[in-house]
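Throughout, a chain's letter reflects where its sequence line sits, starting with A, and its residues are numbered from 1. Since this is a predicted model, take the numbers as computed values, not measurements. Computation of the quantities below employed the complete heavy-atom set of this structure, encompassing side-chain atoms and omitting hydrogens, waters and symmetry-equivalent molecules.
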Amino acid sequence: MATAMTCSRLTIFTVAGIFLQIIGLSIFVFGFFPVKPTLSGVSGSESYRDPFCDSSPNSNESELHSDKLRLHYQELSGISVKYDRVILMVIDGLPAEFVLGKDGQPPRKVWKESMPYTQSLLANRDAIGYHAKAAPPTVTMPRLKAMVSGAIGGFLDVAFNFNTQAFLEDNLLGQFFRIGWKMVMLGDETWLKLFPGLFMRHDGVSSFFVKDTVQVDRNVSRHLPDELNSDDWNFLILHYLGLDHVGHTGGRNSPLMAAKLKEMDDIVRTMHLRAMMDRNHDQGQTLLVVVSDHGMTDNGNHGGSSYEETDSLMLFIGLSNNGSDYGAAINNVAFQVDLAPTLALLFGVPIPKNNVGVVVPGTLNSLRDYEQLRALELNSWQLLRLMQAQIPSSLFEGFSCNCFVDGICKGLDISECSGEKEKQLICLFRNAALLHHIWKSKKLTESSRAMEDFSRALDAYNAFLKTASEWLASKTTEKPVFLLGLGLSAMLLSCIVCATLFLSLFKEVYHEPKDRVCSLSYRLNLEEVLIFALLLILVISMGSSSMVEEEHYIWHFMVSTFHLLLLFKTAKLFDLSKGRNILGDYKVVSIFLLLISGRLLRGWHQGGVNWTYLPDISKWLEQVGSGYVKWIQLISNIIVIGLGLFTLSRTGSKKKSVCVLALGFLTCGLLVLLHAGRYQDEMLEVSTEFGATVIVKVIYLLLFISAIGAALVLPWSMLNKDKSFLAEAGDYLYLIGSAYILCWCLLHLLLQQPINSGPIILLLIQILAISCLSSNDVQVNEWVEIAALYYMGMAGHFALGNSNTLATIDVAGAFIGISSHSTILSGILMFMITYASPMLFLLSLVMYVGAKLRNQSQYSTISTHRETSLGQILKLKLGFPCLVPLCINSVLLTAYTVVLLLMRNHLFVWSVFSPKYLYVCATTLCTYIGVCIVAVTVTYTFFVTTFRRSNRTTRHDNS
Amino acid sequence: MKEGKKKKPETSIGESISALGAVFVYLITGLFLAVGFWVVRDKYSVDLISDPSLTLRLLWMIEFPIVVIIFSLFRSNPKKCSYFRAVGRSIVGLISGAIINALGAVSLGAPIGLQSLPKTIHWSFLISVFTVVPATAVFGASWTNWHRVFASLKPTGNIEYMILTPAYGAIIGGWFGAWPMPLDWERPWQEWPICVCYGAIGGYVVGQIVSLSLMIFLRKHKNLKLA
């Protein structure tokens, strides 16, 4: 090499590469995930006119008084409004299966018996229920937006789920507000954040205390008698969170579920009897709509796109619905977005502008024939307006204002529709409009064939609406190509930068005398081949949706293979004739520890999607009884404390600072134990007591102080005159690194679910075994070991129960120890819980560097390093621990970006590939943070040690 | 590795075998494997998919005697070690090899449970027949030979090639055979240990072919060198 990289140049290039990557990633993310709606503005009276007519908004319309506006709308729409008020009851997280059953079968007995009144309503045809399919991501805020606006939001709404802000798109609530409706909201305060100032009265409850399943609903129901007595509102929204909380804490089959369903049923009964039956007819009618925003998996989580999660409920009570039997009342399928046009048409307001939903057919049965067709026509016009924004106007050539009424449209015959999707849609619309016109014109003259014409028009409208709705929903995934290309090329460039840096460092470290790496004669070791093979296999497997779902198999399999290769390598070096040496035994023991703990980790959670039902250790433990989980938690806590004290004592220094560190650590451990023993078993009750929160806060503080304090103070505290510079720095780094990982482990014993304390301890054992191996000189290259640590971290990520769906994120843990709602804090906690294992292994790199330094200074000659500058040492010691994780991550990130681009039209792009991409982004963030911590700690320690040494020598010289 | 190099192979090589003989041996082992599959299908009317544990049991029980009979002929140090001793030690090798294989499979993620236990046991016996049994029959408990052939990958003589390559072929084939398991194709053969077994048998056959070509190639190479 002509120019050996200096340390500062290496740093600058690395940081530049990282920044390039961040910029590219953000450009790509904002290009790929749609965030903007298609049409701006609010629907007004123009929505009652033909979309081909000049639709300049009526200027004086906005000045109309709300009552006049309401009459104006009613006059234009031509649909009689039978109801004067509506109650929207949102039951958060209720799967439609609980009420309507599945696959045509009635619901399970326990659920059916918990909701006797609702079931009787369904049986008496007083109610009609729908399986309303929700679009992923199945989390509350995007679902509420979809319900009131009829638009399918962007995927990134998930990211903003904890940061709700006012909803500015055209929506039902805004339309109702405009016609002067009085609205009352009781329940989840998300509504208040989405629609500030729209409600006459409101009482928001926080979705923040996930373990509170009782009080959160009582706070809603306590207002109910008053509200039902008063007659001043038109729109009452009730949002009950309790059922979702029950699911989060205990899953679908939680013992609290039946009671919660009963409570909901009672509320439905109260409302039905009081608000609907008791009212006189001259007071108008009330419509009760019971909906859920999303379903839940068997574990009570949600966010993904499985049937269990997207199966939400839409139940209309009070429609005069005749002719359908119980089977017909429970077997209907709709989409969640259909709620918006349905309510808009039933209550005589314009359909929100970006709605892609279709009016629910069963709700129109009480209307007269011409009203039904008019409703469908209005819905079609609205969808057509949305389509006009996306289809070139040349395709609409045959149409002009009111041409169906005047009979001057081109191609006035009913035709089979085929060909391109856009043309097919227009053709379907033309058919429907024509049939509607034919029916209208014939209705006046002959009545015999009216029924037939009516049903033909109805079918034609439904065909158009269905196709158009699907087409529009799929259109929300349009991508700006330029942005995507720019982002991708930036990421590619940064990937190349990282790889080049790595290669140059590689050449310098391993082949200083000869420049062999470019020649083909250089042969890779088996482990090196495996590291590359894993990378390659991961990149290839990312292209298949099932392998993305089952990614953990690859990690576990490859990591175990790596351990077996280590065993093979040790056996290769093991010589029986030399007798059993202690060194070899240590190695074999630690490799077996790695293998056993790896297998246990693999078996702990049966992750993924397709084989989650298979038995695993966590299920088995929960079946046997929660007592065992408790024991495991206790034991692992004690083991962590024991291992921590052992590791600290192994450094051999009995200095005060180490003792202080040990003491702080011990205190934390005992506090975690106390918290676990006292508060965590009260899973089903409100455990947001003051005491628990204070203890948790104290633990956070102590852990933070011990970790940061260790890093800051330790290099200053002790000075060993006998040791060389490297050995001393190694000692510090080893101590700091162990303080890091021990604090991290304790933190996670507190934060993670109790069942995960087993994997945490196994991961810690793996780290200690690897560090034992590397200090015993296993003859594996440094970068291979670091890559293996990274891989083990990823395998551990899946062993902690994570997967590539958003449903496995542990939401409940993110609120431990926080006393008020804070998006940032709970977000950080959630990130830490999800990325516990990769972070643990990245932090262990500090300890690894320390162990390597100590080890080297024992074996190698010290004098060679005396002349080399600090920068050179830093580069050699810190280069690989920083570059290897960055390189691996940037390769994976770039490869996955390409995969996502290729798969943008795949059926599973929103359910499988996009969540995985979010995970990849979060892993990138995790890698940055971890590498940053490692780099800062090691650099700081080196600088402090050098400073003190030079100080001492000058003092020595002076004296 | 350095220590291994210093030691000279202290074996007096037993019966040597020509490439043609190796072809013959492979044909016989292959034939018996085929016989095993035939017996399973025609006599018991099951196959690997419908009853893996019975199939695997029959396969290894048919394959094991023939492997032992053939490879015991080529035992190293035939003067000190009688034919029957070689047979006896290969039975020990079968069992210990099965244990090692089972442990390896479990550590790579084979299911542990009462249902899959017999499958794992019989699978590991079959793999043991492919990998460990020929080596025990030939080498016995000689650590240096094992180390030289399996760890340092320095076989000398045709018979050691015949031990080494099919054994590694079976292991690597089995390793690759596990890859389709997590895919959601919903085929019955994706179950443990069916596709791993197919992979191992395939790898075993490939290893045999590779070893044959190595023998021929090396002999030519040697002749060239001599000339």
Side-chain angles (χ1 to χ4, degrees), chain A residues 526 530 533 537 540-541 544-565 567-579 581 591-603 606-611 614-617 620 779 795 908 912, chain B residues 1-10 100-117 120 131 139 141-154 164 167-168 171-172 174-187 190-192 195-196 199:
Chain A
L526 212 49
L530 189 80
I537 288 166
I540 293 170
S541 72
S544 116
S545 61
S546 60
M547 282 312 261
V548 170
E549 284 170 344
E550 311 294 330
E551 192 189 339
H552 54 287
Y553 282 103
I554 301 177
W555 290 107
H556 288 305
F557 193 63
M558 292 305 265
V559 166
S560 303
T561 311
F562 179 78
H563 295 157
L564 283 179
L565 275 186
L567 191 65
F568 175 73
K569 191 142 187 159
T570 319
K572 210 166 160 178
L573 299 172
F574 190 66
D575 204 341
L576 201 65
S577 60
K578 267 185 95 180
N581 46 2
I591 292 172
F592 271 105
L593 265 182
L594 281 176
L595 279 171
I596 293 167
S597 55
R599 185 64 182 90
L600 283 176
L601 280 173
R602 182 200 169 107
Q606 184 69 43
V609 172
N610 295 317
W611 285 278
L614 290 179
D616 58 25
I617 299 176
W620 177 69
Q779 295 208 335
F908 295 143
V912 176
Chain B
M1 217 174 354
K2 279 171 191 163
E3 287 84 2
K5 266 184 191 171
K6 278 175 202 164
K7 292 266 181 239
K8 283 210 169 156
E10 50 184 272
I100 291 169
N101 277 314
L103 286 180
V106 166
S107 76
L108 281 175
I112 320 166
L114 285 180
Q115 283 179 329
S116 51
L117 190 66
T120 311
T131 54
F139 299 140
S142 154
W143 170 255
T144 42
N145 279 335
W146 280 82
H147 189 269
R148 176 171 50 81
V149 173
F150 279 106
S152 308
L153 305 177
K154 291 196 175 58
L164 174 70
Y168 271 117
I171 288 172
I172 293 169
W175 189 83
F176 277 110
W179 278 99
M181 286 171 72
L183 296 171
D184 62 348
W185 296 341
E186 295 181 3
R187 299 296 152 86
Q190 280 177 289
E191 289 283 310
W192 164 256
C195 55
V196 180

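Although no hydrogens or angles enter the test, the distance criterion places a donor-acceptor pair under 3.5 Å between the side chain of Arg599(A) and the main chain of Ala110(B).
Heavy atoms from other residues, nucleotides or ligands lying under 6.0 Å from CZ of Phe176(B) number 12 at most. Shown here is Gln190(B), whose CD atom has more than 12 heavy atoms of other residues, nucleotides or ligands within 6.0 Å.
Of all the heavy atoms in Ser107(B) and Ser560(A), the pair that sits closest is O-OG, 3.2 Å.
Neither the backbone nor the side chain of Leu103(B) comes within contact range of chain A; no heavy atoms are under 4.5 Å apart. Only the side chain of Ile537(A) has a heavy atom closer than 4.5 Å to any heavy atom of chain B.
How far CZ of Phe557(A) is from CH2 of Trp175(B): 5.5 Å, rounded to the nearest 0.5 Å.
The candidate from Leu614(A), Leu564(A), Ile596(A), Val559(A) with the greatest count of non-hydrogen atom pairs under 4.5 Å with chain B is Leu564(A).
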